[in-house]
Amino acid sequence: MLNKKQSYYMQTDLIVLFILFVCVSLLAIYNAQQFEQYDGKNFVIQQIVWYIIGICFIATIQFFDLEQLYKVSIYSYIAGLIVLAILLVSPESIAREINGAKSWFTLPGLSIQPAEFAKITTILYMSRVIAMHRSKFELNTLKTDILLLIKILIVVALPIGLIMMQSDFGTSMVYLFIAGMMIIFAGISWKIILSLIGIVAAGAGAVLGFIVKFPDLAKEIVGKGNAYQIDRIMTWFDPAQQTSNASYHFDRAIMGLGSGQLFGKGLNSIEVYYPEAHSDFIYSVIGESFGFVGGAIVIFLYFMLLYKLVTLGLNMFQHSPFGSYFCFGFLSLILVHVFQNIGMTIGIMPITGIPLLLISYGGSSVMSTMLGLGIVYRVAVEYTIQNDYLFK
């Protein structure tokens, strides 16, 4: 009986996927740091430390069942908002601006980005809100769907507002994408969703058109500290017409990715210099080091993870809608990061500071992703338990 209980916690597919991601991450970071952008720091060792801490997060979460996580979700969400608010009023000594954004607590030997952890707490609480609404209103009507839409938008608007005050536009867009995906997964009427998509598309098109038509005026509106964001959008829209300084990151990413050809140049053989090679442009490093084949393998790993999240979410719905919605929310988080990060290296998305989750170097991104993965792991454990009881 003891062995049977222990087997519940052996989710082999998730464990294997995690090990593969760790191997890819460490190999890519090892190759990325050969230019010694940061005074010869060993990012591989630091990344291993972040992964070890993340594994501790995963193990700790297994002591809590989904009902307990459901209850604490509101408190974790509020805690995330409080930390984001504290960041805004913190002095420069512990929260200095980096690249025009005040997004980090900079402590001795450690930097923490609260917005990364708030993504997980927001998804957790949003999952509770949707599950609670669906249990209260079993019959969907236009009125109940609009009410649920308002609830989701309120939940996501609070962290977005605080993050926008930090001048972190890229992270805000991640939250909006997650909210949009959760609106779809929540089963809201497609009439409402299509109307919402039309409004968002019209607004985004108007903003983009204004930036492209009047870039100098747009820079004045956003201020000098955020003018680089306008340059990045212009570079994405028409890289050939931009100055070499404005398109520098884009040119480096494309050059490195293409120079890897089919099988890459191998370890310690990259020749193209990338700013933030170990974090933002890690996929370009993978493309140059391991070629098209290596890049394709990375995309396949993400496909397998997303497939696991979809199937787990669908299968778990009858046992725990809360756990199911969290899987869908975490899927949305992984999807937007992968699409944006890889997209910006091949020119289909503007350059942002969004990392490639589970591969890019970064304490906050790694630990927060592992926190979310720990909750997903708990969902998988409880699904295994429920199936075991069902077929006894």
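When a residue number appears, it is its place in the shown sequence, counting from 1.
Judged by distance alone, the side chains of Y361 and Q46 do bring a donor and an acceptor atom under 3.5 Å apart. Judged by distance alone, the side chains of T144 and T141 do bring a donor and an acceptor atom under 3.5 Å apart. Checking S320 against E382 by side-chain atom types alone, no donor-acceptor pair falls below 3.5 Å.
When all heavy atoms of M370 and I58 are compared, the pair lying nearest together is O-CG1, 3.4 Å. When all heavy atoms of L357 and S365 are compared, the closest pair comes out as CD2-CB, 4.2 Å.
Grouping the Ile, Leu, Val, Met, Phe, Trp and Tyr side chains by contacts below 4.5 angstrom, directly or via other members, places I199 apart from I192. Y75 is connected to F63 through a chain of hydrophobic side-chain contacts under 4.5 Å among Ile, Leu, Val, Met, Phe, Trp and Tyr, so both are in one cluster. Grouping the Ile, Leu, Val, Met, Phe, Trp and Tyr side chains by contacts below 4.5 angstrom, directly or via other members, places L153 with I160. Hydrophobic cluster membership differs between V298 and Y307, with clusters built from Ile, Leu, Val, Met, Phe, Trp and Tyr side chains linked at under 4.5 angstrom.
Every residue two or more places apart in sequence or in another chain was checked for a ring-ring contact (aromatic ring centres under 6.0 Å, His included) with Y175, and none qualifies. For F57, there are no ring-ring contact (aromatic ring centres under 6.0 Å, His included) partners, not counting sequence neighbours. A search for ring-ring contact (aromatic ring centres under 6.0 Å, His included) contacts involving F292 returns nothing, not counting sequence neighbours.
The closest donor-acceptor contact from the side chain of S289 to the backbone of I286 lies at 3.5 Å or more, if one exists at all. Checking side-chain atoms of E116 against main-chain N and O of Q113 turns up no donor-acceptor pair under 3.5 Å. Under the 3.5 Å distance criterion, the side-chain polar atoms of S332 are left unmatched by any main-chain donor or acceptor of I178. In this structure, Q340 contributes its side chain and P350 its backbone to a donor-acceptor pair below 3.5 Å. Formation of a donor-acceptor pair under 3.5 Å by the T121 side chain with backbone atoms of A118 is found in this model. Panel note: side chain H337, backbone I354; no donor-acceptor pair is recorded below 3.5 Å. Between the side chain of S135 and the backbone N or O of M132 there is at least one donor-acceptor pair closer than 3.5 Å. Judged by distance alone, with hydrogens and angles left aside, the side-chain atoms of S360 form a donor-acceptor pair with the main-chain N or O of S279 at under 3.5 Å. Between the side chain of Y283 and the main chain of T345, no donor-acceptor pair closer than 3.5 Å is present. Looking only at distances, no side-chain donor or acceptor of Q166 sits under 3.5 Å from a matching main-chain atom of L88.
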Checking S259 against K265 for the side-chain hydrogen bond (donor to acceptor under 3.5 Å, both in side chains) test, could you report, in this order, the C-alpha distance in whole Å, the side-chain angles of both residues, the deciding distance, and whether it holds?
CA-CA 8 Å; S259 67; K265 301 172 183 176; 3.2 Å; yes

Run the numbers on Q386 and H319 for side chain to side chain contact (heavy atoms under 4.5 Å, CB included), then give the verdict.
CA-CA 8 Å; Q386 292 290 341; H319 304 301; 3.8 Å; yes

Using the side chain to side chain contact (heavy atoms under 4.5 Å, CB included) rule, take I334 and V338 through it: C-alpha gap first, then chi angles, then the decisive distance, then the call.
CA-CA 6 Å; I334 297 293; V338 172; 4.0 Å; yes

How far apart are the C-alpha atoms of I299 and I342, what are their side-chain angles, what is the distance that settles it, and do they pass the side chain to side chain contact (heavy atoms under 4.5 Å, CB included) test?
CA-CA 9 Å; I299 293 176; I342 295 179; 4.1 Å; yes

L335 and F177: side chain to side chain contact (heavy atoms under 4.5 Å, CB included), yes or no, with the steps?
CA-CA 9 Å; L335 181 62; F177 181 85; 4.0 Å; yes

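Atoms CD1 and CG, from I163 and D168 in turn, are 6.5 Å apart once rounded to the nearest 0.5 Å. Rounded to the nearest 0.5 Å, atoms CG (L158) and CD1 (I78) are 10.0 Å apart. To the nearest 0.5 Å, atom OG of residue S189 and atom CG of residue N140 are 8.5 Å apart. Here the CG-OH distance, from L124 to Y70, works out to 11.0 Å after rounding to the nearest 0.5 Å. Between N341 atom CG and L356 atom CG the span is 4.5 Å, to the nearest 0.5 Å. Here the straight-line distance linking atom CZ of F322 with atom CE of M316 works out to 10.5 Å at 0.5 Å rounding.
The ring pair (Phe, Tyr, Trp, His ring centres under 6.0 Å) contacts involving residues 105-131 comprise Y77-Y125, where partners must be two or more places apart or lie in separate chains. Residue pairs that meet the salt bridge (charged side-chain N to carboxylate O under 4.0 Å, His left out) test with at least one member in residues 174-195, sequence neighbours left out, do not exist here.
Inter-residue side-chain proximity for Y377 and I61 is flagged as unmet; no heavy-atom pair is nearer than 4.5 Å. For the pair Y51 and I48, the minimum side-chain heavy-atom distance is 4.5 Å or more. Side-chain contact check for F64 versus R378: every heavy-atom pair is 4.5 Å or farther apart. Residues I146 and I150 meet the side-chain proximity criterion, which asks for heavy atoms closer than 4.5 Å. Residues K308 and M304 fail the side-chain proximity criterion, which asks for heavy atoms closer than 4.5 Å. Between I130 and L148 the shortest side-chain heavy-atom distance falls below 4.5 Å. I112 places a side-chain heavy atom less than 4.5 Å from the side chain of M367. Side-chain contact between S103 and T171 is absent, with no heavy atoms from C-beta onward closer than 4.5 Å.
Residue F137 belongs to a hydrophobic cluster whose other members are L147, with links defined by side-chain heavy atoms closer than 4.5 Å.
Atom CZ of F339 sits in a sparse spot, with 12 or fewer heavy atoms from other residues, nucleotides or ligands closer than 6.0 Å.
Aromatic ring centres of F21 and Y302 lie closer together than 6.0 Å.
Ion pair D280/R252 not flagged as a salt bridge, since none of the NZ, NE, NH1 or NH2 atoms sits closer than 4.0 Å to an Asp/Glu carboxylate oxygen. Looking at R134 and E138, no side-chain N of the basic residue comes within less than 4.0 Å of a carboxylate O on the acidic one, giving no salt bridge.
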